[in-house]
Amino acid sequence: MAEKVVVVGHKNPDNDAISAAIGVAYFMNELAKREGSDTVYEAVRLGPCPPETAWNLDKNGISQPRLIESVGEGDKVVLVDHNELGQAVDGLADAEVVGILDHHRIGDVTTANPIPVFVMPWGSSATVATWLMRLHDIEIPNDIAHVLLSAILTDTIIQKSPTSTPTDDDQIAYLEGITGKERVAFGQDLFRCRGREDELRIKDYVEADSKEFTVAGKTVLIAQHETVDFEAAMAREEEARDHMRHLIAQHDYDFVLLMVTDILEEGTNFLVEGNHAVVDQVFGIDSSSAVWMPGILSRKKQVAAPLLEV
Ligand SMILES: [Mn+2]
């Protein structure tokens with residue numbers, strides 16, 4: 001019987017978590033065929049597809065990956081776009097991690113055996129997946145190229161994020177060649193899928209792209225809401241703060257930091273609820289009300305990293 005492996009992105013999936021998983025599953029299946037192995041890799045997801053992912057998959061005739069809730073003993077798993085237990089599928093400790101492809105800091109996942117690990121400091125996991133396929137001379141079909149290109153563009157905020165690297169630029173150019181898409185136009189189409197600010201459920205506004213971290217021994221939530229309509233997004237500040245206080249009461253977070261990122265102006269408003277002393281100390285601000293942080297676009301590099309050093 002063919003061995004099955006699930007390829008899974010993090011909880012609360014963003015476009016990269018799902019799209020890169022699709023790319024990695026494609027890559028692993030092609031590699032398996034080439035090596036005469038009958039192992040089958042299946043991309044799965046841990047939450048709803050973001051609107052831009054749903055739109056892009058639909059346009060390219062790719063069905064949404066299967067939704068799973070947990071894994072267990074005997075399951076083999078490739079982790080994509082994360083390598084921390086806190087962000088991973090439930091039950092992972094009982095399953096076997098057989099590969100990692102990521103672009104985040106090294107976390108706390110451990111394995112019994114040596115496994116392939118590809119973690120590069122580039123703008124997206126899709127960048128790593130594209131690079132690997134090119135390295136292995138695996139031809140990327142048009143639909144998969146659209147999926148990968150979309151994830152590089154959303155994760156790097158169309159290359160405006162400081163996490164964007166020359167390698168991202170190189171992979172984008174390569175995928176533009178396959179898809180015939182132009183990066184800025186395609187990127188804006190993707191961001192526009194996220195819809196009108198005033199129609200978004202406040203839960204999605206705050207939580208859709210949120211990650212838990214441990215800062216100074218306490219659990220905190222850092223959320224990011226990227227927008228092309230900053231004014232309309234900030235009109236919902238009080239509603240968002242109400243919801244953040246609700247999350248603190250529910251999960252006992254030390255604080256919730258919501259980054260409302262203006263993609264066009266290239267900066268972020270910091271909204272902090274809970275104990276904002278650490279944020280204030282690290283960034284030299286007073287976040288008792290919203291603070292505009294010009295040039296801050298990346299949660300990982302510019303916000304989580306300095307906070308995790310505390
Ligand atoms: Mn990513």
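Values below: all heavy atoms of this structure, side chains included; hydrogens, waters and symmetry mates excluded. We count ligands from 1, going down the list as the structure has it; atoms in each ligand are counted the same way.
Side-chain rings of Phe27 and His136 approach one another, their centers coming within less than 6.0 Å.
Electrostatic pairing of Arg299 and Asp209 counts as a salt bridge here, judged by a charged N lying under 4.0 Å from a carboxylate O. In summary, Arg34 and Glu30 do not engage in a salt bridge, as defined by a charged side-chain N under 4.0 Å from a carboxylate O.
Among the atoms of Asp102, none of the N, O or S atoms falls under 2.8 Å from the Mn ion (ligand 1). Not a single N/O/S atom of Asp14, whether from backbone or side chain, sits less than 2.8 Å from the Mn ion (ligand 1).
Counting just the N/O/S atoms of Asp81, the one with the shortest distance to the Mn ion (ligand 1) is named OD1. Looking at Asp16, its N, O or S atom nearest to the Mn ion (ligand 1) turns out to be OD2. Of all N/O/S atoms in Asp155, OD2 sits nearest the Mn ion (ligand 1). His103 contributes NE2 as its N, O or S atom closest to the Mn ion (ligand 1).
Summarising the local packing, CD of Glu139 is surrounded by 12 or fewer heavy atoms from other residues, nucleotides or ligands at distances under 6.0 Å.
Proximity of a side-chain donor or acceptor of Asn12 to a complementary backbone N or O of Ser210 within less than 3.5 Å is detected.
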